Novice: 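Structure incoming, see below.
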Amino acid sequence: MNISDHNGDLLGKHQRHLQFLLSEISVPGDLIQKLKDFQIAIPSWALGTGGTRFGRFSGGGEPRNLEEKIADVGLLHQLNQSSGAISLHIPWDIPTDPSATKALAAQHGLAFDAVNSNTFQDQPNQTHSYKFGSLQHVSKATRKQAIDHNIEVIKHGISLGSKSLTVWLSDGSCFPGQLNFRKAYQRTVESLEEIYAALPADWQLYLEYKAYEPNFYSTTVGDWGASYSMVNKLGPKAKTLVDLGHHLPNANIEQIVSILLMEGKLGGFHFNDSKYGDDDLTAGSIKPYQLFLIFNELVDGMDAKGMNHAKDVGWMIDASHNVKDPLEDLMQSVEAIQMAYAQALLVDKHALDQAREENDVVKCQEILQAAFRTDVRPLVAQARLELGGALDPLGYFRASGKRAELIKNRGEKTVATGL
Ligand code: PSV
Ligand code: MN
């Protein structure tokens with residue numbers, strides 16, 4: 001079964017839903033085009049089944065190498081037409097032949113998004129250990145090794161056509177007294193300055209923050225304040241990256257996003273959802289209203305600055321799933337993100353501004369929730385249809401037996417291992 005046959009079966013119902021929606025609410029004329037332009041990068045590490053420290057229960061047909069990861073993102077993009085970029089983590093994914101890798105990605109219609117460095121794990125044959133940090137480390141030689149790694153990652157990115165480096169540091173401390181906070185901060189900034197100096201002119205450096213894990217007492221880049229102050233010191237090419245799972249419970253992420261945008265320092269975004277910590281669950285699966293409120297600030301803040309929604313922030317999913325088919329999980333995440341974006345585009349801004357000026361709190365809530373409670377799925381599906389994707393990517397994926405095909409080509413599921 002091909003995509004257009006599957007679409008053909010669903011078309012009548014889709015058109016009825018779309019017509020009903022368009023007759024009920026006023027939809028901005030450029031909304032579908034904005035949805036079509038909005039691409040969300042897929043991390044190469046989201047294509048296999050995740051796990052916890054207690055065990056991993058792998059499904060079958062997972063990609064075994066970079067080429068197969070690219071093929072999986074290609075399939076996703078073919079179905080939703082909105083996952084047109086892949087983000088690599090080095091050294092998890094080192095392209096041995098960058099021009100061949102680039103050509104393969106291009107065949108699937110994919111570009112390379114941010115490249116990610118990894119100084120949170122020791123690698124075989126590594127001279128210095130990151131047990132006590134990397135860019136913050138007390139030893140200059142260890143810091144240098146971590147700096148050199150980041151510069152190496154930039155070189156890999158250049159060979160693939162990436163335009164940004166994402167730095168996430170697990171650096172911090174596990175116990176009170178272990179670390180001189182000021183020295184750790186200053187060493188981190190000095191190290192970042194060296195990495196920044198190696199960035200090509202048209203590149204950006206995104207500095208991701210995270211409250212805790214794997215360090216459980218302090219994290220050196222632990223919140224947006226730490227990241228923001230550091231990227232300000234580095235210069236215009238450095239910006240903060242917001243990962244939705246990296247905040248302390250109940251943090252007002254939409255307010256953080258609003259301030260970073262206003263300051264011109266929101267660089268990148270990692271979508272996921274969480275109930276407790278950095279749970280890396282499917283975007284929109286736990287707190288869809290929060291995702292909508294974040295998008296409401298993103299749209300408002302970007303419009304205030306005349307920014308291009310699709311291009312001026314790096315959008316990416318950073319999720320991992322223990323019990324779902326990875327591709328199905330990603331389809332759900334992409335759709336949830338698109339829905340939140342579409343709902344944010346439906347907010348009656350003029351009425352909201354007026355209600356705010358009149359301190360009409362009740363009306364403000366009514367306006368936001370009128371947009372949030374609109375079933376925008378026909379709009380998202382229409383955008384996909386116009387781009388040549390599937391009206392129902394998940395339904396098509398299941399009906400066409402794609403996973404069975406992948407299992408046949410790549411192998412059965414592996415035996416679950418516990419601890
Ligand atoms: C860390 O929790 C993080 O969010 C960073 O983005 C890493 O690069 C990624 O997850 C994968 O470990
Ligand atoms: Mn992340």
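The structure displayed is predicted, hence computed values, not measured ones. Hydrogens, waters and symmetry mates play no part in the numbers below; they use all other heavy atoms, side chains included.
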Novice: So, S400 side chain and Y396 main chain: donor-acceptor pair closer than 3.5 Å or not?
Specialist: yes
Novice: Looking only at atom types and distance, does a side-chain atom of D273 sit under 3.5 Å from a main-chain N or O of K287, one as donor and one as acceptor?
Specialist: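 Flag set: sc D273 to bb K287 pair under 3.5 Å.
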Novice: Atom CD1 in I25, atom CG in L379: separation rounded to 0.5 Å?
Specialist: 6.0 Å
Novice: If you define the side chain from C-beta out and look only at heavy atoms, does anything of M307 sit under 4.5 Å from L261?
Specialist: yes
Novice: Check this for me: does any side-chain nitrogen of one of K144 and E194 sit under 4.0 Å from a carboxylate oxygen of the other?
Specialist: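 Looking at K144 and E194, the cut-off is not met.
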Novice: Between the side chain of R384 and the main-chain N/O of L391, is any donor-acceptor distance below 3.5 Å?
Specialist: yes
Novice: Do H246 and D278 have side-chain heavy atoms sitting under 4.5 Å apart?
Specialist: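 They are in contact (side-chain heavy atoms under 4.5 Å apart), so the answer is yes.
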Novice: I'd like to know if the side chain of N7 reaches the main chain of G388, judged simply by a donor and an acceptor atom lying under 3.5 Å from each other, with no hydrogens or angles considered.
Specialist: no
Novice: So, does H270 use its side chain to make a donor-acceptor pair with the main chain of M316 at under 3.5 Å?
Specialist: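 No: the side chain of H270 does not pair with the backbone of M316.
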Novice: Evaluate I154 against V115 for side chain to side chain contact (heavy atoms under 4.5 Å, CB included), listing each step before the verdict.
Specialist: CA-CA 7 Å; I154 294 173; V115 275; 5.9 Å; no
Novice: Assess the side chains of Q78 and H108: does a donor N or O sit below 3.5 Å from an acceptor N or O?
Specialist: no
Novice: I'd like to know if the side chain of W315 pairs up with that of D113 as donor and acceptor (distance under 3.5 Å, no hydrogens or angles considered).
Specialist: no
Novice: Do you know the tightest heavy-atom contact between D93 and K69?
Specialist: OD1-NZ, 2.7 Å
Novice: What's the verdict on side chain to side chain contact (heavy atoms under 4.5 Å, CB included) for F181 and S218, showing C-alpha distance, side-chain angles and the deciding distance?
Specialist: CA-CA 9 Å; F181 296 139; S218 74; 3.7 Å; yes
Novice: Hey, is the main chain of V376 close enough, under 3.5 Å, to the side chain of T374 for a donor-acceptor pair?
Specialist: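 Not a single qualifying donor-acceptor pair exists.
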Novice: Suppose we screen for ring pair (Phe, Tyr, Trp, His ring centres under 6.0 Å). Which residues come up paired with F112, at least two apart in sequence or across chains?
Specialist: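 None.
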Novice: Between E386 and Q382, is there a side-chain donor-acceptor contact under 3.5 Å, judged purely by atom types and distance?
Specialist: yes
Novice: Do you know which of E67, E62, E68 makes salt bridge (Lys or Arg N to Asp or Glu O under 4.0 Å) with R64?
Specialist: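 It is E68, the one option of E67, E62, E68 that forms the salt bridge (Lys or Arg N to Asp or Glu O under 4.0 Å) with R64.
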Novice: Find the distance between CD1 (I253) and CD1 (I294) and round it off to the nearest 0.5 Å.
Specialist: 4.5 Å
Novice: Hey, are Q33 and D37 close enough side-chain-wise for a donor-acceptor pair under 3.5 Å?
Specialist: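 Indeed, the side chains of D37 and Q33 share at least one donor-acceptor pair under 3.5 Å.
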Novice: Hey, does V138 have a side-chain heavy atom less than 4.5 Å from the side chain of R187?
Specialist: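 R187 reaches V138 side chain to side chain.
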Novice: What I want to check is whether the side chains of Y217 and Q178 have a donor and an acceptor closer together than 3.5 Å.
Specialist: no
Novice: Classify the ring geometry between F292 and F372 as parallel (under 30°), tilted (30 to 60°) or perpendicular (over 60°).
Specialist: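 Answer is tilted, since the angle falls between 30° and 60°.
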Novice: Please tell me if the side chains of Q136 and L169 come closer than 4.5 Å, counting only heavy atoms from C-beta onward.
Specialist: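 Answer no - side chains too far apart.
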Novice: Please determine, by modelled atom types, if S58 and T49 share a side-chain donor-acceptor pair under 3.5 angstrom.
Specialist: no
Novice: Give a yes or no on whether a salt bridge exists between E190 and K140, defined as a side-chain N under 4.0 angstrom from a carboxylate O.
Specialist: no
Novice: Taking all heavy atoms of G172 and all of N215, pick out the closest pair and write down the distance.
Specialist: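 Closest pair (atom of G172, atom of N215, distance): N-ND2, 3.3 Å.
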Novice: Can you see which heavy atom on R143 is nearest to which on S191, and at what distance?
Specialist: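 Looks like CD-OG, 3.8 Å.
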Novice: Considering non-hydrogen atoms only, spot the tightest contact between S82 and Q338 and give its length.
Specialist: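 Nearest heavy atoms, S82 then Q338: OG-NE2, 2.7 Å.
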Novice: H247 pairs by ring pair (Phe, Tyr, Trp, His ring centres under 6.0 Å) with which of W224, Y276, Y209?
Specialist: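 Looking at W224, Y276, Y209, the match for H247 under the ring pair (Phe, Tyr, Trp, His ring centres under 6.0 Å) is Y209.
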Novice: If only atom types and distance count, is the side chain of W203 paired as donor or acceptor with the main-chain N or O of S162 below 3.5 Å?
Specialist: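 Side chain of W203 to backbone of S162: a pair is present.
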Novice: Do H321 and T282 have side chains that approach each other closer than 4.5 Å (heavy atoms only, starting at C-beta)?
Specialist: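 SC-SC contact between H321 and T282 ruled out.
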Novice: Report the distance from atom CG of N296 to atom CG of L291, rounding to the nearest 0.5 Å.
Specialist: 11.5 Å
Novice: Could you tell me if D122 and S129 have a donor-acceptor pair between their side chains, going purely by distance under 3.5 Å?
Specialist: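 Present: a donor and an acceptor within the cut-off.
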Novice: Closest heavy-atom contact between T142 and G133?
Specialist: CG2-O, 4.1 Å
Novice: Can you tell me how far CG of L298 sits from CG of L293, rounded to the nearest 0.5 angstrom?
Specialist: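 Here the interatomic distance stands at 11.0 Å.
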Novice: Are D243 and K210 close enough, and set up right, to give a salt bridge (Lys or Arg N to Asp or Glu O under 4.0 Å), and what steps lead you there?
Specialist: CA-CA 8 Å; D243 181 316; K210 178 168 172 171; over 6 Å; no
Novice: What distance separates L88 CG from I86 CD1, expressed to the nearest 0.5 Å?
Specialist: 5.5 Å
Novice: On the ring face of Y196, is K237 found with NZ or CZ under 6.0 Å from the centre and within 45° of the axis?
Specialist: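 Ring-cation test returns yes.
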Novice: Sort out for me which residue in D329, L281, L330 forms a side chain to side chain contact (heavy atoms under 4.5 Å, CB included) with K324.
Specialist: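 Of the listed residues D329, L281, L330, the side chain to side chain contact (heavy atoms under 4.5 Å, CB included) partner of K324 is D329.
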Novice: Walk me through it: do D72 and R410 pass the test salt bridge (Lys or Arg N to Asp or Glu O under 4.0 Å)?
Specialist: CA-CA 12 Å; D72 275 13; R410 299 173 180 171; 2.8 Å; yes
Novice: Is there a side-chain contact between L327 and L406 (heavy atoms, below 4.5 Å)?
Specialist: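 Yes, at least one pair of side-chain atoms sits under 4.5 Å.
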Novice: Can you find a pair of side-chain heavy atoms, one from L21 and one from D375, that are under 4.5 Å apart?
Specialist: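 They are not in side-chain contact.
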Novice: Checking side-chain polar atoms at under 3.5 Å, does D279 have a donor or acceptor matched by the opposite partner on N272?
Specialist: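 No pair is found: no donor N or O on one side chain lies under 3.5 Å from an acceptor on the other.
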Novice: Looking at side-chain heavy atoms only, is the closest gap between H149 and I90 below 4.5 Å?
Specialist: yes
Novice: Please list, one pair per line, the donor and acceptor atoms closer than 3.5 Å that link side chains of residues 98-106 to other protein atoms, with sequence neighbours excluded.
Specialist:
from : atom 1 : to  : atom 2 : distance (Å)
S99  : OG     : D97 : OD1    : 3.3
T101 : OG1    : D97 : O      : 3.1

Novice: Tell me, with the steps shown, if D303 and K349 meet salt bridge (Lys or Arg N to Asp or Glu O under 4.0 Å).
Specialist: CA-CA 11 Å; D303 286 350; K349 275 212 226 164; 3.0 Å; yes
Novice: State, to 0.1 Å, how close I337 and A283 come at their nearest heavy-atom pair, and which atoms those are.
Specialist: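 Smallest interatomic distance, heavy atoms only, reads CG1-CB, 4.0 Å.
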Novice: Walk me through it: do L248 and Y212 pass the test side chain to side chain contact (heavy atoms under 4.5 Å, CB included)?
Specialist: CA-CA 8 Å; L248 290 172; Y212 67 92; 4.1 Å; yes
Novice: Check whether the side chains of N116 and S87 place a donor and an acceptor atom closer than 3.5 Å, and report yes or no.
Specialist: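 Indeed, the side chains of N116 and S87 share at least one donor-acceptor pair under 3.5 Å.
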Novice: Does the separation of the ring centres of F269 and F295 fall below 6.0 angstrom?
Specialist: no
Novice: Applying side chain to side chain contact (heavy atoms under 4.5 Å, CB included) to E208 and T166, what does each step give before you reach the verdict?
Specialist: CA-CA 7 Å; E208 188 171 352; T166 296; 3.7 Å; yes
Novice: Using 0.5 Å steps for rounding, measure from the CD1 atom of I259 to the OG1 atom of T240.
Specialist: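 I259 atom CD1 to T240 atom OG1 measures 12.0 Å (nearest 0.5 Å).
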Novice: Take atom CZ of R403 as the centre, draw a 6.0 Å sphere, and report whether it contains more than 12 heavy atoms from other residues, nucleotides or ligands.
Specialist: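 It does: R403 CZ has more than 12 such atoms within range.
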